[in-house]
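Lettering follows sequence order; numbering is per chain, from 1.
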Protein chains: 2
Amino acid sequence: MGTVGKALDLLDLFTRQRAQVGLSEMARLSGLNKATCHRLLTEMESRGLVEQIGPAREYRLGPAVLRLAALRETAVPTRDAAMPVLQALARATGETAHLSLREGDKLVTIAFAYAPTHATKVMMEDADILPWHATSSGQAVLAFLPDTEVTALLARPLRRLTEVTETDPTRLRLRLKDVRARGCAETAGTFESDAQSVAVPLFLNGDSAVGALGVAVPVNRMTPDRQTLIRRELTVAATEIIDLWGGQVPPAVTALWQRLT
Amino acid sequence: MGTVGKALDLLDLFTRQRAQVGLSEMARLSGLNKATCHRLLTEMESRGLVEQIGPAREYRLGPAVLRLAALRETAVPTRDAAMPVLQALARATGETAHLSLREGDKLVTIAFAYAPTHATKVMMEDADILPWHATSSGQAVLAFLPDTEVTALLARPLRRLTEVTETDPTRLRLRLKDVRARGCAETAGTFESDAQSVAVPLFLNGDSAVGALGVAVPVNRMTPDRQTLIRRELTVAATEIIDLWGGQVPPAVTALWQRLT
DNA sequence: TGTTGATGGTTCATTATTTGAACCGTTGGT
DNA sequence: ACCAACGGTTCAAATAATGAACCATCAACA
C-alpha cells in the first residue's frame, strides 16, 4: 500500500465515539510508527483535512472536508436531492427513514429523516457504518451485487450482534437469494434487538446496487399491515430517488417491486 | 512536499466549474507526471475520496467526503450550529448572509442564507473561495490576524477584479488598520461590481480570526440606515455563533462592536 | 482505410522519499 | 525526585515514488 493510502486510512480512525485522537494513540490504532504518523498528519493538516486542537494537541477532522463535501454535493446532489424524498417517506410511514451508500467495502448512512408522529422511534446518526450481514440495507445491497463482490464483502467473520443475527455465510446467502427474488430485504432484531427494518436497493446505471433505502421501526409497533405499507412506500421513494439521481431502475427490479405485496 | 500533499492538492483541482477531470488534464493542471497522477488518483479512489465515472473515465470527488463531513459536523457542529443564526440574520437584514472559514491560505464559504424578502439578491454558492483583498469577509479576517500571517497571505499579486478593487498592498494594509479599529469591514463593488458587503471577523479562542460573517447587498439597495442595521445585526449574530461554537469574543472586539454605529 | 492526435493506462530502471529506533523536552501523577 | 506518557524530531537504511517511453483505444478526417 502506498503512502497516500496510509494517510487516508488514518482518517478512518476518527469515529463518532472517538472524534479526536492524539498522536500516540493514532500510531497505536493504525500500527504505523509514531514519526510516520506525525508526518502524515502534519501533511494532511497543511491541507486542512485534519486539524490540531487544544493543549493536548489532539487531531480531528478539519474544515476542508466541509468544503469538499459541499463541492461534491453541488456537482452530484446525492444527499440534497434525496433529502425531501426521505422526509416524505418518513412522514408517509410514520417511521425513521434512512439512506445508505456503498463506499468500497463499507455501507455508510449518509442521510436520515425522523417522522414527527411518534414519541418512540429508531434513532440514527449520520456517517454510521452499517454491517452488511445484520441490516436490511446491507442485505438489500448484497442481494444486488455480483457474486464475486459478495464473496469479498463477506470474507471477514460475521459478528453476532444480537441473539438472532445470522452469522453463517451459507445461510446468509440463502437469505440473499430470497431478497433478490423479492426486491426487498427485511430484518427483525438482527442489528439492534428492539428494531425491525425493511430496505430496498438503490441503483444508478446497471444492475449493481450502489446503496439502499430503508425504514426502521420499533419491534413493538410493527404489524403486517404496516409492513406492507412500508414496502409500497419504499419502492415508490426509491424509484423517485433513483430518478432524481439521473439513474435507472433495472427493469427486472421494477417488475419485482410492482409484484410486491 | 510529500506524496500525500501532492495527492491532496489534486483534490483542490476540482471546482464547481470543473467538477470532473480526466487523467491527462489532471496531470496538466497539477504539473505532475501522468503516471504519478494516475497512481495517486487510484489510491484515493480505493478510499472513496474520488471516483471514476462515465465512458470517459473522468474523476470526480467521491462519496467518502460526505461521510467525513458528516463525521466532522457531529463532532464539531460548525455549519449546522451556525445555520439557524445565519438564516435569522438573512431575515433580519433582508439580505444574503454568508459564513466563511479560513482554511490555510484560503477563505472558503461554508454556508449562506437568502432572505425571502426581495426578488433581487446577491447569489452565493457553497465552497466558494473568496479573495482576501477584494471581499469584506477577507478583510475582516486579515485585520484580525498576526502581521506575519497577513504578509504571507498577501504575498501573491492581488488581482484587479473590478474597477475599484484595491490592488496596492500598502493601501490595503491601511484599510485593514481601519477595519481593526472598527471591528467591521465594508466593501462596495470590489469583488463584483454590483454588490456591496459588510463583514465581521469570527473568533474561537484567542485574538486571531478563524473566519468571517458577512452580509451582501445589491448596490442599488444600500442606504446608510440599512448599513447601520446590518452592522448591528452582524455583531449580534457573530457573538451568537461564536458562543454556539463554544468560543469567546475577545473583549477588545466586544468593546469595538458595542461602540459601532 | 489509413493517418493523426487525443485519450486512459502501464512498465521499470533510476532516484528521491519514506521509514522507524532512538532520541529530546514537557507534562502530570505519585 | 521520580516515572511514565505525551508530542515531536533525527538520520542512516530501506523502500516507495517517479517519469520517459510505451500500449491500446477512440474520434475526427481525408
Verify the contact: side-chain N or O of A/Tyr59 to OP1 or OP2 of D/dC6, cut-off strictly under 4.0 Å; return yes or no. no

Carboxylate-amine/guanidinium proximity below 4.0 Å for B/Arg102 and B/Glu149: yes

Rounded distance in Å - CE (A/Met26) to C1' (D/dC6): 16 Å

I'd like a list of close polar pairs between nucleotides 22-27 of chain D and the protein, N/O only, cut-off under 3.5 Å.
none

Any side-chain donor-acceptor pair under 3.5 Å between A/Thr148 and A/Thr151? no

B/Leu40 CG to D/dT18 P, straight-line distance once rounded to whole Å: 6 Å

Keeping the roles fixed (side chain from A/Thr109, backbone from A/Ala111), state whether a donor-acceptor pair exists under 3.5 Å. no

Cationic N near anionic O, under 4.0 Å, A/Arg47 to B/Asp105: no

What I want to find out is whether A/Arg16 reaches A/Asp126 closely enough, with some N-O distance under 4.0 Å, to be called a salt bridge. no

Salt bridge flag under 4.0 Å for residues A/Arg173 and A/Asp147: yes

First and last nucleotide of DNA chain C touching chain B, 5' to 3', heavy-atom cut-off 4.0 Å? C/dT7 to C/dT18

Does atom CZ (A/Arg180) have a neighbourhood of more than 12 heavy atoms from anything else shown, all under 6.0 Å? yes

Degree of bending in the helix from C/dT1-D/dA30 to C/dT30-D/dA1 once both end axes are built from five pairs, to 10°: 40°

Between A/Arg39 (CZ) and D/dA16 (C1'), how many Å, whole number? 11 Å

Within a 6.0 Å radius of atom CG on B/Asp80, are there more than 12 heavy atoms belonging to other residues, nucleotides or ligands? yes

Between A/Arg28 and B/Ala35, which has a closest nucleotide on DNA chain D that is more 5'? A/Arg28

In this structure, how many angstroms lie between the C1' atom of D/dA16 and the CD atom of B/Glu43, rounded? 10 Å

Does A/His38 make a side-chain N or O approach to OP1 or OP2 of D/dT9 shorter than 4.0 Å? yes

Is any side-chain N of the basic residue among B/Arg79 and B/Glu73 closer than 4.0 Å to the acidic one's carboxylate O? no

Closer than 3.5 angstrom, by distance alone: can the side chain of B/Trp257 be matched with the main-chain N or O of B/Gly183 as a donor-acceptor pair? yes

Look at the aromatic rings of B/Phe203 and B/Phe144 and report parallel, tilted or perpendicular, splitting at 30° and 60°. perpendicular

For the pair B/Glu45 (side chain) and B/Glu51 (backbone), establish whether a donor and an acceptor sit closer than 3.5 Å, ignoring hydrogens and angles. no

Judged by each residue's nearest nucleotide on DNA chain D, which is more toward the 5′ side, A/Met1 or A/Arg57? A/Arg57

Which is true for B/Gln52 with a 4.0 Å heavy-atom rule: it touches a base, it touches only sugar-phosphate, or it touches nothing? sugar-phosphate

For atom CD of A/Glu25 and atom C1' of D/dG7, their distance in whole Å: 14 Å

Nearest-Å distance, CD (A/Glu58) to C1' (D/dG8)? 15 Å

Using only side-chain N and O atoms of B/Thr3, determine if any of them is under 4.0 Å from OP1 or OP2 of D/dA17. no

Integer-rounded Å distance: D/dA17 P and B/Met44 CE: 13 Å

